[in-house]
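Presented below is the structure to which this report refers.
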Amino acid sequence: MEVNWPDWLNFDWLDLGWLELPWVDTNWFHDNWYGLLLLGFFWGVVVFTMVGALTAVYVYVERKVSARIQGRLGPMETGPHGLLQTLVDVVKLAVKEDVRPAAADALAFRLAPLLVVVPAVMAFVVVPFGVPMVIRDLNVGILYFLAVPSVTGVGLLLAGWASYDNYSFLGGLRASAQFISYEIPRTLAVVTVVMLSGSLSSAGLIGAQADTTWFVLLLPLSFVIYAVTTLAEVNRVPFDIPEAESELVAGFHTEYSGFRWSLFFLGEYASLTTASAFAVALFFGGGLGPVLPPVVWFVLKTAVIVFFAVVLRFTLPRFRQDQLMALAWKYFLPLSLVNLLLAGLVMKAVF
Amino acid sequence: MAGHESHPTAPPKPRATPEEMRERKRLSRQRVSDDSEFITVSMGPQHPSTHGVYQAVVDLDGEIVVNTRPSIGNLHRGVEKLAEVKSYHRFLPLTDRLDYISSFAMNHAYAEAVEKLMDIEVPRRARYIRTIGDELCRLSNHLLWLGVHVMDFGAQTFFLICFRDREYVLDLWEMLCGARLTHSYARIGGVAADLPDGWVEKCRAAMEFMPRRLAEYQRLVEKNRIFLKRTQGIGIFTQEDCVAWRVTGPSLRATGMERDLRKTEPYAAYDEVDFDVAVEYDADVYSRYLVRMKEMYESCKIILQCLDQLPEGDYINQDAASQTFPRKKRVMRDSAAMVQDFMQTFRGPKVPKGEVYKAIEVPKGEMGVYIVSDGTSIPQRLHLVTPTFYHCQATPALFEGEMISDVVGIFGSVDIVLGDSDR
């Protein structure tokens, strides 16, 4: 596909060389390890802020959509139509007392929220917002996207274990079991996409879809598997078993409060946002689309998927633990293997 | 009327024999390994979904419940003891606070018992009004139950939908007696006031509208495969279990026993209206849901019939001057009535010596009131045989062998409110 993007969309500006600041030797950043560290830190802050802002938007949308579904108004008081409500909530959570149970394992207790939130944000690095626009186009981008968020599972288990509380413990066990079970069909679903695109980089993924068509048309079953398993991975209804409030109070984050709790919250929403964005990249051609700039297309498509997830959350009851496991191992695993075969046939037919 | 007949979710099931039911129960229970260590989890009293301040300390083998130690009494207010220092009239508002979700039914049970003790007549119009009140309670109770029950399985929106429609019933109550939750509408020998102007029409409109909403709920719930998977074959409590633990009401009828005091020992106007006793045969959580769903349709039917047949006459007995209140309008005009009102308020009714037990069918099961009278105007001993108390005592038998995820759903399915159990 012929694309003429302005240079700045290529993200060459990541290394700040374009600034041409007379007192800054831009090569310096690359010559020293601390320079690289500084650069990494800078972009880390940028990405984190971006994810934070997206999450705030997400939370607002979820509140409003759920209110609409349930015949309520949702937040209305803070700002016009409650637009500032999320901001106010962030402030409230940030200044709340941070309670740690006396019997909790201090180090693990503090580490767990970070293990949940950091991988979720890290995954953001390889999301292709535009057609060439991606923060770092790793040549193993898709593998990175599958591997890095998996660390979240450790965080959930650690949170459950460190809290020294039976609700948390059970929640953590359920979360890690669920995570591991759904990882496999999910990975197999993504593998079919890699088979078709022939590349593990996220830019290559978009390129392959530009050459053919949206992969959802070629691999509908893969998309279904990816969508369902992703819901399970990020603990959303109908798979929100690790934090089932009617059984385990709040699951693995029962004992958390204040800022640490909000880190879990941020992690959950960030991983859902990233997973939705990546679903767009994997199956809906990323930023491909007529007239509008690719970033806008990308955001629109992501918004549709996110909306779908929100609607699901407020419509369905949840599964039971054993039913969830049965679903993963008895149905989704064989299905994804069959799907692998189908993808091979599609590959033969299309390419 | 769009009834439950029009939405068959499953083909009609044959009546299960007790042996079959026992076998089903055995199959539904999980096996526990012998060499496990147990995790002890305390569900309640501040757990988000124990339906009140009920506590169950459960031992878990993995996800399976091995032992349950129920504990009630966190809401104990000494109601039965309070009855021993209050006149019969003055105790009536306290009965609201038993099952506060269907408080009129509680008033009614108490009033029926006292009337039986005093051996006084209730005017026909009052009996009809009481029947309507009972069924309104059943509707609002079951709507609340349904919303909470489905929410126990994780669906949040359904809860709010049910509450939206419960408003229609509560609005009727507000118009009728000024209160939405604690009605205190019954009086010994009748009810507190006549139906206000326009109430009958409003009630009729609501009752004609409600079945449509119920059909909508049925579509939402019964076509949801996750809900069916979570409720069918879960929490089986056989007929003999129910009898052994005195579990009554919809949970008992879900085992195939057609026991409904409205039919077997008719009180109020239940012998003058036509209705069916809702019965299911599977004894699981889903059957209990179905029974309640059918009962809501029947309630609408009963209320509409009562409104059609509503007779004229007094709303409270005016012939037993030493036992009941006079009509309010008479009090300010008739000196005898004023004296009667004064005497009833400050001294209480004249009651013969004796003891009496009367049970009625409240939404949660059979509610009995046992009174021992020594001939004074306050009871010597009053005992409330409330359904929730027995439902709570059955919880260990209900839970054991089930999964922790199902515990809350099963607990909710027998319908519990702790004000009723703790008294």
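Every chain is numbered from 1, with letters handed out A, B, ... down the list of sequences.
- Here the side chains of B:Gln156 and A:Arg313 are in contact, with some heavy-atom distance below 4.5 Å.
- With a 4.5 angstrom heavy-atom cutoff, A:Gln323 touches chain B only via side-chain atoms.
- No more than 12 heavy atoms of other residues, nucleotides or ligands shown are found within 6.0 angstrom of OH on A:Tyr331.
- Summarising the geometry, atom CG belonging to A:Leu316 is positioned 4.5 Å from atom CD1 belonging to B:Ile226; distances are rounded to the nearest 0.5 Å.
- Interface remark: B:Leu160 contributes side-chain atoms only to the contact with chain A (heavy atom separation under 4.5 Å).
- No side-chain heavy atom of A:Asn166 sits under 4.5 Å from any side-chain heavy atom of B:Leu60.
- Distance check: A:Thr315 OG1 to B:Asn224 CG gives 9.0 Å after rounding to the nearest 0.5 Å.
- In the displayed structure, A:Arg68 atom CZ is contacted under 6.0 Å by at most 12 heavy atoms of other residues, nucleotides or ligands.
- Heavy atoms from other residues, nucleotides or ligands lying under 6.0 Å from OH of A:Tyr164 number 12 at most.
- Interatomic distance, OH of A:Tyr167 versus CE of B:Met43, reported as 6.5 Å (0.5 Å rounding).
- Heavy atoms of other residues, nucleotides or ligands lying less than 6.0 angstrom from CZ of A:Phe259 number 12 at most.
- Counted within 6.0 Å of CH2 on B:Trp173, heavy atoms from surrounding residues, nucleotides or ligands total more than 12; the atom is thus considered enclosed.
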